[in-house]
Number of protein chains: 2
Amino acid sequence: MARATSRHETAAVAVDVVLLTIEKGELSAFLVCLKEGPLRGKWAFPGGRVRLDEPLEDAARRELREQTGLADVYLEQLYTFGDPDRDPTSRVVSVAYFALVPTAPALRRTARYAAAAWFPVRALPALTYDHDRIAAMALERLRAKLSYTNIAWSLLPRAFTLGDLQAVYETILGRRLDRRNFRRKLLGLGLLRPLSRERRGAHRPATLYAFRSRRPLIAEVL
Amino acid sequence: MARATSRHETAAVAVDVVLLTIEKGELSAFLVCLKEGPLRGKWAFPGGRVRLDEPLEDAARRELREQTGLADVYLEQLYTFGDPDRDPTSRVVSVAYFALVPTAPALRRTARYAAAAWFPVRALPALTYDHDRIAAMALERLRAKLSYTNIAWSLLPRAFTLGDLQAVYETILGRRLDRRNFRRKLLGLGLLRPLSRERRGAHRPATLYAFRSRRPLIAEVL
DNA sequence: TCAAAAGTGTTGGCATTACACCCATGA
DNA sequence: TCATGGGTGTAATGCCAACACTTTTGA
């Protein structure tokens, strides 16, 4: 707080964003390759300074928009990292956010970074700063929330099959689930609404579902 | 991160600490009364600027030590609040921590604040800044963690009875628990070690227990 | 006709809940 | 002796995990 009236020099404030999606059956993270400074060429999560009049979450959304073009994402604050030596350049306190989208947006070239790419979280490159810790915490948070909230909704399009939903759970938790139990449980929660359409494809058609609500909810899912 | 090479002006960084304990059967919070500035006379959680070379958690511990003398507390990061107008004086991003102690330390007079006091959380005075939100989040976190971690340990002395432990749960959750079920569950977890001593008092003596480990653990308690 | 995903019920075990009585003590 | 908290067991219920076969489709 600003109760200390004298003007202390304090740390700078930044945000970093862990953007995750499921791509080709793999949970994947969006990384950027630094372009300048002593860490040039290293991979990290995108992030940057918070502007003086900007709320923290706005800063995170702005970073996402600038690097990926995404505007409508699930976003929540993850943790704040502030070790004095986490950034070799200067003291930066970083508020980490974690974001989920149903599909990976196309990569775009931006001025800020040398490159950007999606990596499966099971095979992330070495990360700079303390972004390994951020990555670990994001995964932990996602796995935990998967089982007691409706957060998985953020990883699926508007209409999806129960098979799709189950695949999201299996991918993130890293284990197979029993289809009958899964369907019974999820349908029993009453959070899903069957659509009148079906998905037709290479196999037997599957009924499509949508979420009754896309607001975050607490519900014992598994 | 420090990737933006130009020198942006950014927010200042502070910590605020929600210190909780159970006193006379009431969950209570430690508050200070501001002494200076436009918010003089208002109550808030203690906090202050993070020093330039100081880790965030160290800053929180330092605040606690300065205001209460406490050195050995349970402390965890709660959330980071950074709305541009949360502090009318200047832009301050505050990393909120939440702390638990078994007993309320005696109040001491410090230079920083006009007063300090313990308030039952059911009857907090009006809080300044966005500290109402911080208070709400601290309570939510405590209630949630109570049921899936061993965090209650931090609110009890080294030796305690099962009745004491149950009282902690009942106080924080705000509902009565069945004694037989509670004892069966807790003893079944194997986290407690019966001591050879008993507590003698006004009634039938109760066996004292201690925690096998005082490290944080995840365990489905209730 | 084959491969692959969709869809469907039952059972056993385990955990949780609800519930009532006696005990040991200090006042 | 009384008030107060300590200590104990059982029965009913609900939840979760395990499990196999049939259906529908496009290729």
Side-chain angles (χ1 to χ4, degrees), chain A residues 22 24-25 143-144 146-150 152 156-157 159-171 173-210 218-222, chain B residues 22 24-26 143-144 146-150 152 156-157 159-171 173-210 217-222:
Chain A
I22 292 182
K24 304 197 198 79
R143 294 210 175 94
L146 206 58
S147 41
Y148 72 89
T149 71
N150 64 350
L156 287 168
F160 54 89
T161 68
L162 283 177
D164 295 339
L165 182 55
Q166 186 175 343
V168 167
Y169 276 84
E170 290 182 339
T171 299
L173 297 178
R175 61 191 166 93
R176 304 300 305 270
L177 301 172
D178 181 89
R179 186 157 29 108
R180 285 163 291 190
N181 296 334
F182 183 82
R183 299 166 76 88
R184 184 174 30 244
K185 190 73 203 294
L186 265 289
L187 292 177
L189 284 174
L191 303 175
L192 300 182
R193 179 167 50 90
L195 302 178
S196 48
R197 295 176 296 134
E198 289 187 331
R199 166 181 302 172
R200 310 187 68 84
H203 307 297
R204 174 172 173 176
T207 62
L208 285 165
Y209 290 84
I218 305 286
E220 209 57 47
V221 180
L222 287 194
Chain B
I22 292 183
K24 305 198 196 77
E26 284 260 40
R143 294 210 175 94
L146 206 59
S147 42
Y148 71 91
T149 71
N150 63 351
L156 286 169
F160 54 90
T161 67
L162 283 177
D164 295 339
L165 181 55
Q166 186 176 343
V168 167
Y169 276 83
E170 291 183 338
T171 298
L173 297 178
R175 61 189 165 96
R176 306 300 304 270
L177 300 172
D178 181 272
R179 186 154 33 107
R180 284 162 293 190
N181 296 336
F182 183 83
R183 299 165 76 87
R184 186 176 26 246
K185 190 73 204 295
L186 265 290
L187 291 176
L189 285 174
L191 303 175
L192 300 182
R193 180 168 50 92
L195 303 177
S196 48
R197 296 177 295 133
E198 289 187 330
R199 165 182 303 174
R200 309 188 67 83
H203 306 298
R204 173 172 172 176
T207 63
L208 286 165
Y209 290 83
L217 282 179
I218 305 285
E220 209 57 46
V221 178
L222 286 195

Nearest-0.5 Å distance, NZ of residue A:K185 to CD of residue A:E220: 6.5 Å
Nucleotide nearest B:R184 (side chain, heavy atoms from C-beta), chosen from D:dT10, D:dG6, C:dA6: D:dT10
Of the listed nucleotides C:dA24, D:dA17, D:dG6, the one nearest the side chain of B:P205: C:dA24
Out of C:dC19, C:dG7, D:dA17, whichever nucleotide has its closest atom nearest the side chain of A:R179: C:dG7
Point-to-point distance, once rounded to the nearest 0.5 Å, from CZ of A:R183 to CG of A:L192: 10.5 Å
Smallest separation among heavy atoms of A:A152 and A:Y169, with atom names: CB-CE1, 3.7 Å
Options C:dA6, D:dG6, C:dC19, nucleotide nearest the side-chain atoms of B:T161: D:dG6
Residue whose closest nucleotide on DNA chain C lies nearer the 5' end, B:E220 versus B:A202: B:E220
Length of the CZ-C1' vector between A:F182 and C:dT8, whole Å: 16 Å
Distance in angstrom units between B:L186 CG and C:dT17 P, rounded: 13 Å
Whole-Å distance separating the CG atom of B:N181 from the P atom of C:dC14: 18 Å
Per A:K185 side chain, nearest of listed nucleotides C:dC19, D:dG7, D:dC16: D:dC16
Options C:dA5, C:dG9, D:dG7, nucleotide nearest the side-chain atoms of B:R204: D:dG7
Side-chain N or O of A:T207 closer than 4.0 Å to phosphate OP1/OP2 of C:dG7: yes
Check: C:dA6 base within 3.5 Å donor-acceptor of A:R180 side chain: no
Rounded distance (Å) that lies between atom P of D:dA17 and atom CG of A:L173: 12 Å
B:R183 CZ - C:dC23 C1' separation (whole Å): 12 Å
Value in whole Å for how far the P atom of C:dA5 lies from CZ of A:F160: 19 Å
Per B:R200 side chain, nearest of listed nucleotides D:dT25, C:dG26, D:dG7: C:dG26
Selection from D:dA3, D:dA18, D:dT10 that lies nearest to any side-chain heavy atom of B:H203: D:dA3
Separation of C:dA5 C1' from A:E198 CD (nearest whole Å): 13 Å
4.5 Å side-chain heavy-atom contact, A:L191 and A:L186: no
Whole angstrom value for the distance that separates P of C:dG7 from CD of A:Q166: 11 Å
Nearest-0.5 Å distance, CD of residue B:E198 to OG1 of residue B:T207: 7.0 Å
